[in-house]
Protein chains: 2
Amino acid sequence: MRTSDVSAIPREPGVATVEKTLSILEIVAERGGATAKEVSLALGYPLPTVYRLMQALVSSDYLVHLKGQRRFELGYKLDRLGVSLHRQIGVPNPVRAEIGRLHDAAQTAGYFAVYRGADVVVAYVVDSPEHPRLTPLGFGFHEAAHATAFGKIMLAGMTPEQVNQYLEVHGMPRMTERTMTSRAQLDEHLAGVGHLGVAWEHEEFVPGMTCAAVGVRNGAGMVVGAVAISAPSEQISRVRERELERYLRDASNHVSRYYRSGQTRKPGAPAAA
Amino acid sequence: MRTSDVSAIPREPGVATVEKTLSILEIVAERGGATAKEVSLALGYPLPTVYRLMQALVSSDYLVHLKGQRRFELGYKLDRLGVSLHRQIGVPNPVRAEIGRLHDAAQTAGYFAVYRGADVVVAYVVDSPEHPRLTPLGFGFHEAAHATAFGKIMLAGMTPEQVNQYLEVHGMPRMTERTMTSRAQLDEHLAGVGHLGVAWEHEEFVPGMTCAAVGVRNGAGMVVGAVAISAPSEQISRVRERELERYLRDASNHVSRYYRSGQTRKPGAPAAA
DNA sequence: CGGCCTTTCTCACTCCGTGAGAGCGCCTCT
DNA sequence: AGAGGCGCTCTCACGGAGTGAGAAAGGCCG
């Protein structure tokens with residue numbers, strides 16, 4: 001929902017046309033297809049402009065024009081780009097399988113997170129109707145590292161400068177009443193996490209939900225990722241915590257072994273399978 | 001690639017900026033990430049322009065800037081758009097399962113195709129290392145209906161005017177030496193396909209590969225999609241043909257039953273014109 | 001056949017994107 | 001460490017590209 005208030009908003013010196021074009025794409029995506037008029041109304045752009053931009057998108061295969069139904073829908077190039085993105089983030093199949101095993105064994109949603117540039121990003125998730133993922137924690141989630149279990153593991157694996165930089169960009173927004181929002185508190189917590197090798201997060205991100213994570217390390221011993229689980233807090237007893245930690249360490253060991261064994265990154269060709 | 005000579009190229013009156021922006025996106029996708037300079041060189045756009053456009057893409061989350069590695073890679077919004085596209089094409093789970101069963105039973109790659117606007121598009125594929133898909137036939141493939149088995153089924157399910165329109169847009173390009181390229185020949189063939197209820201395609205699309213398809217019908221008896229398989233021609237004996245037809249009809253029956261039973265989220269009627 | 005909606009076209013204006021060039025800052029090589 | 005190279009950003013004046021009102025063309029409906 002973009003407000004098209006031209007006067008008030010301090011327009012970044014971006015390329016206005018690009019922004020308009022992309023917002024059209026997103027409107028069509030949100031609504032599952034839209035007519036030009038709907039877009040025009042929703043975004044406040046004049047009709048001819050909308051048509052021109054949409055035609056540009058159609059001719060590049062980012063949209064298709066369903067003439068019969070007088071609607072625009074998303075085009076096929078978006079699938080290819082999505083696939084490319086997944087290939088760039090590149091979670092190897094053995095790792096996927098390991099997260100699947102974690103999900104099965106722990107009977108919780110299972111996650112795998114990696115660094116990407118200065119960010120911490122969810123790269124793979126396995127869940128099921130009985131054990132669903134935390135709603136915002138899908139592929140590509142890269143916010144609020146201070147309030148998630150895998151985020152803490154990954155922050156603990158960064159240099160102090162990197163942590164500073166991360167927090168400068170993202171801040172420490174309060175997600176729930178338990179979220180840590182003071183830097184001192186977080187630093188102390190991260191020291192503990194680094195010491196124990198496991199991070200717990202009790203309702204600091206979503207009320208009623210608990211997460212835990214363990215780091216994945218490469219041959220040099222550096223944290224390169226994290227395996228994590230999430231579960232309703234009510235299901236987490238002392239015994240259950242021990243059990244989950246065991247599953248996490250187990251998964252982490254297997255994944256770490258994979259990353260140590262060579263095939264770390266960019267194996268050139270996305271090997272079959 | 002010279003950018004200097006504007007007069008020679010018959011520029012469509014598209015929005016040039018949009019085109020440039022999207023081509024940047026695609027370069028980054030192809031190469032699995034790129035620096036601004038690489039993009040500038042590859043596309044022949046001046047560096048500042050590339051930076052400006054890339055920053056616009058970054059600020060909309062279509063790209064990310066990995067400052068550490070001085071590279072741009074694809075952003076997370078592309079995943080969401082890809083997911084939206086899949087939702088718009090919307091192959092219901094029971095249908096997916098049926099194609100999976102087709103793959104298992106027939107021991108071939110399995111396909112499901114639907115109408116989308118005036119197009120015929122591959123909506124779902126199940127394959128495996130032993131039985132891989134035909135290389136260009138991935139999700140979103142929508143060309144050369146005259147040379148594919150599912151394309152023939154879907155053309156046979158369209159009105160003559162719809163077929164005319166389709167062929168006007170796409171033509172009948174020769175794919176192999178067996179491709180039908182005359183309209184009369186195709187019409188005759190389609191009549192046979194409509195009569196038999198199954199379409200075969202012997203090396204008309206890719207040399208050495210054979211495909212077959214059977215239509216999926218809704219409650220009104222209209223073709224709304226097609227189930228298909230592909231296999232190396234050398235594996236196709238007379239007996240095997242019979243067997244594959246049986247599997248296809250079986251899959252088609254199950255899928256058709258699903259579409260008759262109500263739950264058709266979209267009335268995938270062949271809407272054209 | 002006549003209304004209504006979608007889509008395309010035209011055209012003059014002006015605003016927006018453009019791109020050379022300079023300058024800054026980080027990484028690397030010696 | 002210093003020097004050099006490279007990646008990245010900013011500025012600014014020019015010019016053409018995008019813009020958007022308006023109207024006309026094309027379809028579908030009753």
Side-chain angles (χ1 to χ4, degrees), chain A residues 4 6-7 9-24 28 33-60 63-73 117-118 159 161-162 164-165, chain B residues 1-7 9-24 28 33-60 63-73 117-118 159 161-162 165 168 269 271-273:
Chain A
S4 57
V6 200
S7 58
I9 300 176
R11 263 268 169 280
E12 300 184 28
V15 183
T17 309
V18 172
E19 216 173 301
K20 286 186 193 171
T21 307
L22 299 179
S23 64
I24 288 177
V28 174
T35 66
K37 194 175 188 182
E38 279 171 31
V39 173
S40 168
L41 252 54
L43 297 173
Y45 306 150
L47 244 178
T49 298
V50 171
Y51 270 109
R52 216 173 321 113
L53 295 178
M54 290 184 104
Q55 272 167 358
L57 286 169
V58 167
S59 78
S60 296
L63 288 181
V64 292
H65 190 186
L66 307 186
K67 297 204 178 68
Q69 304 170 44
R70 281 134 191 255
R71 290 163 61 75
F72 290 85
E73 292 197 0
T159 66
E161 304 85 67
Q162 287 173 329
N164 287 337
Q165 202 202 341
Chain B
M1 301 208 187
R2 295 288 166 148
T3 54
S4 53
D5 200 347
V6 197
S7 58
I9 303 173
R11 259 268 170 283
E12 300 183 27
V15 182
T17 309
V18 171
E19 215 172 300
K20 286 185 193 172
T21 307
L22 299 179
S23 64
I24 288 177
V28 174
T35 66
K37 194 175 188 181
E38 280 171 28
V39 173
S40 168
L41 253 52
L43 297 174
Y45 307 149
L47 245 179
T49 298
V50 170
Y51 271 110
R52 215 172 325 109
L53 295 179
M54 289 185 103
Q55 273 169 358
L57 286 168
V58 167
S59 79
S60 295
L63 288 180
V64 293
H65 190 185
L66 307 185
K67 297 202 178 66
Q69 304 170 48
R70 287 145 182 247
R71 290 164 62 75
F72 290 85
E73 292 196 1
T159 66
E161 303 87 64
Q162 288 172 330
Q165 203 204 342
E168 267 171 34

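Any value given below was found using the heavy atoms of this structure, including those in side chains, with hydrogens, waters and symmetry copies removed. Residue numbers begin at 1 in each chain, while the letters A, B, ... track the order of the sequences.
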Side-chain N,O (A:T49) to OP1/OP2 (D:dA21) below 4.0 Å: no
**Message:** What I'd like to find out is whether the side chain of A:V28 reaches to under 4.5 Å of the side chain of A:L63, using heavy atoms alone.
**Reply:** yes
In whole angstroms, the gap separating P of C:dC15 from OH of A:Y45 amounts to 18 Å
### Message
Within the 4.5 Å heavy-atom criterion, are B:L57 and B:L53 side-chain neighbours or not?
### Response
no
Show each protein N/O and nucleotides 6-8 of chain D N/O combination with a separation under 3.5 Å, one pair to a line.
residue : atom : partner : partner atom : Å
D:dG7   : O4'  : B:R70   : NH1          : 3.3
D:dC8   : OP1  : B:H65   : NE2          : 3.1
D:dC8   : OP2  : B:Y51   : OH           : 2.9
D:dC8   : O5'  : B:Y51   : OH           : 3.2

Stepwise side chain to side chain contact (heavy atoms under 4.5 Å, CB included) check, A:V15 with B:T17: CA-CA 9 Å; A:V15 183; B:T17 309; 3.8 Å; yes
* Look at the side-chain N and O atoms of A:R52 and state whether any lies under 4.0 Å from the OP1 or OP2 oxygen of D:dG18. => no
Here the distance between atom P of D:dG18 and atom CD1 of A:I24, to the nearest Å, is 14 Å
Exercise for review: Using atom types as modelled and distance alone, determine if a side-chain donor or acceptor of B:T35 lies under 3.5 Å from a backbone N or O of B:R71.
Suggested key: no
*Does A:A56 offer a backbone N or O that forms a donor-acceptor pair with the side chain of A:S59 under 3.5 Å?*
yes
Considering only heavy side-chain atoms of B:K20, the closest of C:dG19, D:dT19, C:dC9 is C:dG19
Separation of C:dG25 atom C1' from A:Q165 atom CD, nearest Å, is 14 Å
Inset, instruction - Using a cut-off of strictly less than 4.0 Å, decide whether A:T17 has a side-chain nitrogen or oxygen near OP1 or OP2 of D:dA17. - result: no
From the candidates D:dT19, D:dG20, C:dT18, the one with an atom nearest any side-chain atom of A:P48 is D:dG20
Decide yes or no on side chain to side chain contact (heavy atoms under 4.5 Å, CB included) for B:K20 and B:L43, but give the supporting numbers first. CA-CA 9 Å; B:K20 286 185 193 172; B:L43 297 174; over 6 Å; no
